[in-house]
Amino acid sequence: MKETEVAVSGTTTAASTAPNTEMDKRFDPAAYEQVWQRRWAEKEYFRAEAPAERPSFCIMIPPPNVTGKLHVGHALQSTLQDLLTRWRRMQGYNALWLPGTDHAGIATQLMVERQLESEGTSRREIGRERFLERMWQWKQEYHGNIRRQLDLLGASCDWTRERFTLDAGLSRAVREAFVRLYREGLITRGEYMVNWSPKLGTAVSDLEVEARTVQGKLYHVAYDVEGGEGSGERIVVATTRPETMLGDTAVALHPEDERYAHLHGKAAILPLVGRRLPFVADEMVDREFGTGLVKITPFHDPNDFEMGKRHDLPGISVIGPDGRMTAEAGPDFAGLDRFEARRKVVERLREEGYLVKVEEHTHNVGHSQRSGEPIEPLVSTQWFCDMTSMAAGALAAVRDGHTELVPDSWDKTWEHWLTNIRPWCISRQLWWGHQIPAWYTEDGRCFVAHSAEEAAGEAGTDRLTQDPDVLDTWFSSALWPFSTLGWPDDTPDLRTFYPTDVMVTGFDILFFWVARMVMTGLHFTGEVPFRKVHLTGLVRDAEGQKMSKTKGNVLDPTELVSEYGADALRFTLASLDSPGRDIPLNPNQIAGYRAFGNKIWNAARFALSRIPEGARVRESIDPAGLAAPERWILSRLSRVAMEVNEQLEIFRFDEACNRLYHFFWGDFCDWYLELSKPALFGDAPRPRVGDVLLTVLDRALRLLHPVMPFLTEELWQRLPGHEAIHPETICLAPYPRREEAWEDAAVEAGMEALTQVVTRVRALRTEMSLSPKAKLDLHLQPADARIGGLLQEQAPLLRFLARVETAAVGPVPEGARRDLVAGVEIGVAVEKAEMGAEERGRLAKELEKLDAEIGRAEARLSNADFLGKAPAHVVEGGRARLAEMRERQAALRASLGLA
RNA sequence: AGGCCCAUAGCUCAGUUGGUUAGAGCGCUACGUUGACAUCGUAGAGGUCAGCGGUUCAAGUCCGCUUGGGCCUACCA
């Protein structure tokens, strides 16, 4: 594997460490992302401890398949897992995000088989041993890719604890689990009907069968009734698979079907073959469907298999594991592919006059999820795991809340699936996987053991052959949360991190994987494997279409990272993760969040270039003695810190990102940085502006770090005084919390009024079609005296932000353009205040709407029921709003020159 | 066949226990090169919250039905 060397020397590194280096106006994620990832890895910041004094937090990665590269779905899930891990790590938890990969049985084997095919050979040809060597080569290569891709995304995994489902430790766990379940009688070997995939040459589990609706045909076939040769009585059965009739051994009818009452005890004669088929009565027959008579093929249909057992019917295998007709199908059909056989059987039936009619028929047919062909139900000897007792535990775990599904809309599906669970066919006729720990003696006795030696000991002979089959890949995945921590040994890791905290994965593997982990976790450890499951939606393209190679709309996370930067991609994915919804990923949106990154970059650049000498990041700041803008931004910061923590607790990544975005862009950049300018430039100095600015920036970066790890580290390192927060890295700096001492409702109200006044004045300028340079005098008359005081005090800031000549608190003079916002009456006096027709029209329209609304509000506020039943704050709010509207109405009428 | 979810601005989506004027991003329009940022700034237009009915003083939010879309689970030959 070619290793791309990253320049760790030169300007990029210097930029990352030296606070006073010139910052480029354009931010360039590529210049620092990989540098930081590498440094974090070298310093082992993400290595968790066991045992640990601190509380632990643990997430197990859903191990990506070693089949190829990561897709955007992985990027989404990795982002969320990393976000949670970084957040908890900063909160002081002993946080572990354990990485790893899955051998992915069939999927990977197919890739290598395809490779062999292109080399003109096959696995049979090179043999099991050499094939497995090739498999391991493949694994090495792709495993490296996955690590690289996770690094690109900024994943803070503890790579010292990396696991692979086929490594020694996990293989031991698999054998242990198998042996225990076998000894408990839950794993058995037997001959049953299984879902067989002829192309793959293996059995698959029910979950690997995908029902597809296909347009098929319903063939009505006449069978002669035995003894009716003279009378010529015939019955008609309906089938969608005429080729299976060659294996028929009975005809079923409903016990109470009067039409066929006379057939009880009789038999039919199978056309083309001549076999005698007894009639059996079974309630499962639907009298309404077809003719009410069903041909029974016990070895090629799951229902018929059951019925065969109930009525003790023999079965005949007419279709083999290769999907071709067997010798038992008779010389005319033996060797034919099952679909060819169907054509030929139909042809022969037609020729011989047994085909009554053919109807179009839409029905569901099970297809192999992996190979796409129709599944062939076959009787075969396989290993099965009885899940019913384990399912009961998993049901209880969700009902009792020991494991919580988020969103909980999946609870019902969980309930339904687990209450109807059937035995799990766990053996696969493959080579890539955990070989089944069962050994057979020459006389066919079976010994299940941890090793060949143990089996030999039990068998009393070492002339043993191990079962050639391997386990379903999901068997090892089912043990993942504890096998990765050293189970079956009682290791410090297991004691420290188990049960884990969260499982982040897609709902598509809820049953394949999540349910099975809960079942085995409870069974083997007595505890749920994770306390919460966050189920993500499916990442779709910008039009909401599923991504698929054939549609060509697949987005590659690696490309997205190189185009927009990992931080922008992460922010986008996190902010789109709303509960229970799929995720439409639009590159425009990623570009939007890259712009956010640029905004952060430039805000930091501005702060660093303008702060006074000696200003530093402070661990804490006493708001006493600070001016209103500083007290305001600290108060806002405290609230956003509180909200972000709250939202992350409940996995509302979208909401957390939203708060961060609006705080940084809106409160901090749009308002606070602007408000800080007069102070920073010496026009109107304020106490400790530099310290506040840096401290707010520091905390904002820390709040953002779990979502945008690279950019925040890069900038944070440049803040003077950041070492006081953490000597080395933002990754380990404390995650900001609410600071109640900073919260100040009065200042927030006052500053809210100030910003709204400024916005309103800007709007008035537009409304009055005034040039941005037109000279205005602003008069303010707030209803609340405290707000008045603040506005008075901040008049220079008002002048600066609203770009007015004068700003005064006091009565609004005659002739000024009036307005009202946030309880402040505004008067804008301008020399030429004549109103244009356009403006007049706009105001008239507004007045019209306002009149209607006032009418509605008045009606409501005079409604006795409303006054009696609505909570006080709603009524008061309504009154205040009405008063405001009336004032606005008066102002509008005055402006329009109405009485 | 059963179950679940969704329908809100041109697009993609928020809207937590019903409660004051339904929000964001992108896109669009106008203006703007003001001491960090044109990956920018300021302002603006744009919504009968799919439809119908019900509960309530009050419904995007709760209930029922209809329509349209998506998904999960299923052994009707």
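In this text, all values refer to a predicted model and were calculated from it rather than measured experimentally. Chain letters run A, B, ... following the sequence lines, proteins first, then strands; residues in each count from 1.
Not counting sequence neighbours, the partners of A:Phe668 by the ring-ring contact (aromatic ring centres under 6.0 Å, His included) test are A:Phe664. In terms of the salt bridge (charged side-chain N to carboxylate O under 4.0 Å, His left out) criterion, residue partners of A:Arg639 (sequence neighbours excluded) are, by chain and number, A:Glu743, A:Glu748. Under the rule for a side chain to side chain donor-acceptor pair (under 3.5 Å), A:Arg516 has no partner lying at least two apart in sequence or in another chain. Listed by chain and number, the residues in a salt bridge (charged side-chain N to carboxylate O under 4.0 Å, His left out) with A:Glu848 amount to none (sequence neighbours excluded). By the salt bridge (charged side-chain N to carboxylate O under 4.0 Å, His left out) test, A:Arg287 is found to be paired with no residue, residues two or more places apart in sequence or in another chain being considered. Checked against side-chain contact (heavy atoms from CB on, under 4.5 Å), A:Asn588 has the following partners two or more places apart in sequence or in another chain: A:Asn586. Residues meeting the salt bridge (charged side-chain N to carboxylate O under 4.0 Å, His left out) test with A:Glu283, sequence neighbours left out: none. Residues forming a ring-ring contact (aromatic ring centres under 6.0 Å, His included) with A:Phe507 (at least two apart in sequence, or on another chain): A:Trp410.
Side-chain N/O atoms of A:Glu674 and base N/O atoms of B:A36 include a donor-acceptor pair closer than 3.5 Å. Applying the 3.5 Å distance criterion, the base of B:U20 shares no donor-acceptor pair with the side chain of A:Arg879.
Taking atom P in both B:C11 and B:U16, the straight-line distance is 23 Å, to the nearest Å. Comparing the same atom, P, in B:G60 and in B:C71 gives a spacing of 30 Å after rounding to whole Å.
Residue A:Trp665 places no side-chain N or O under 4.0 Å from the OP1 or OP2 atom of B:C40. A:Arg605 has a side-chain polar atom (N or O) that falls below the 4.0 Å cut-off from OP1 or OP2 of B:C37.
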For nucleotides 75-77 of chain B, which of its nitrogen or oxygen atoms have a protein nitrogen or oxygen under 3.5 Å away, and what is each distance?
| unit_1 | atom_1 | unit_2 | atom_2 | d |
| --- | --- | --- | --- | --- |
| B:C75 | OP1 | A:Arg422 | NH1 | 3.4 |
| B:C75 | OP1 | A:Arg422 | NH2 | 3.0 |
| B:C75 | O2' | A:Asn303 | OD1 | 3.2 |
| B:C75 | O2' | A:Asn303 | ND2 | 2.4 |
| B:C75 | N1 | A:Asn303 | OD1 | 3.2 |
| B:C75 | O2 | A:Asn303 | OD1 | 2.2 |
| B:C76 | O2 | A:Asp286 | OD2 | 2.8 |
| B:C76 | N3 | A:Asp286 | OD2 | 3.4 |
| B:A77 | O2' | A:Ala238 | O | 3.4 |
| B:A77 | N6 | A:Asp286 | O | 2.7 |
| B:A77 | N6 | A:Phe289 | O | 3.2 |
| B:A77 | N1 | A:Asp286 | N | 3.3 |

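In A:Arg26, the CZ atom is not crowded: 12 or fewer heavy atoms of neighbouring residues, nucleotides or ligands sit closer than 6.0 Å.
Remark: the A:Glu208 side chain and the A:Asn195 side chain contain no N/O donor-acceptor pair separated by less than 3.5 Å.
For RNA chain B, the residues of residues 585-600 of chain A within the heavy-atom distance limit of 4.0 Å (strictly under) are A:Arg594, A:Ala595, A:Asn598, A:Lys599, sorted by number.
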- Query: For RNA chain B, what is the dot-bracket line, given that a base pair needs Watson-Crick (N1 to N3, plus N6-O4 or O6-N4) or G-U wobble (N1-O2 and O6-N3) geometry with both distances under 3.5 Å, and | means paired with another strand?
  - Reply: (((((((..((((.....[...)))).(((((.......))))).....(((((..]....))))))))))))....
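At a threshold of 4.0 angstrom between heavy atoms, the contacts of A:Glu876 with the nucleic acid are absent. Counting non-hydrogen atoms under 4.0 angstrom, A:Arg765 reaches nothing in the nucleic acid.
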- Task: Do nucleotides 30-35 of chain B as a string where each nucleotide becomes B, S or -: B if the base has a protein heavy atom under 4.0 Å, S if just the sugar-phosphate does, - if no protein is that close.
- Result: ----BB
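Proximity note for A:Asp670 (side chain, C-beta onward) versus B:G19, B:A38, B:G41: the nearest is B:G41.
Figure legend: cation-pi geometry between A:Arg594 and A:Phe596 absent, as NZ or CZ is not positioned both under 6.0 Å from the six-membered ring centre and within 45° of its axis.
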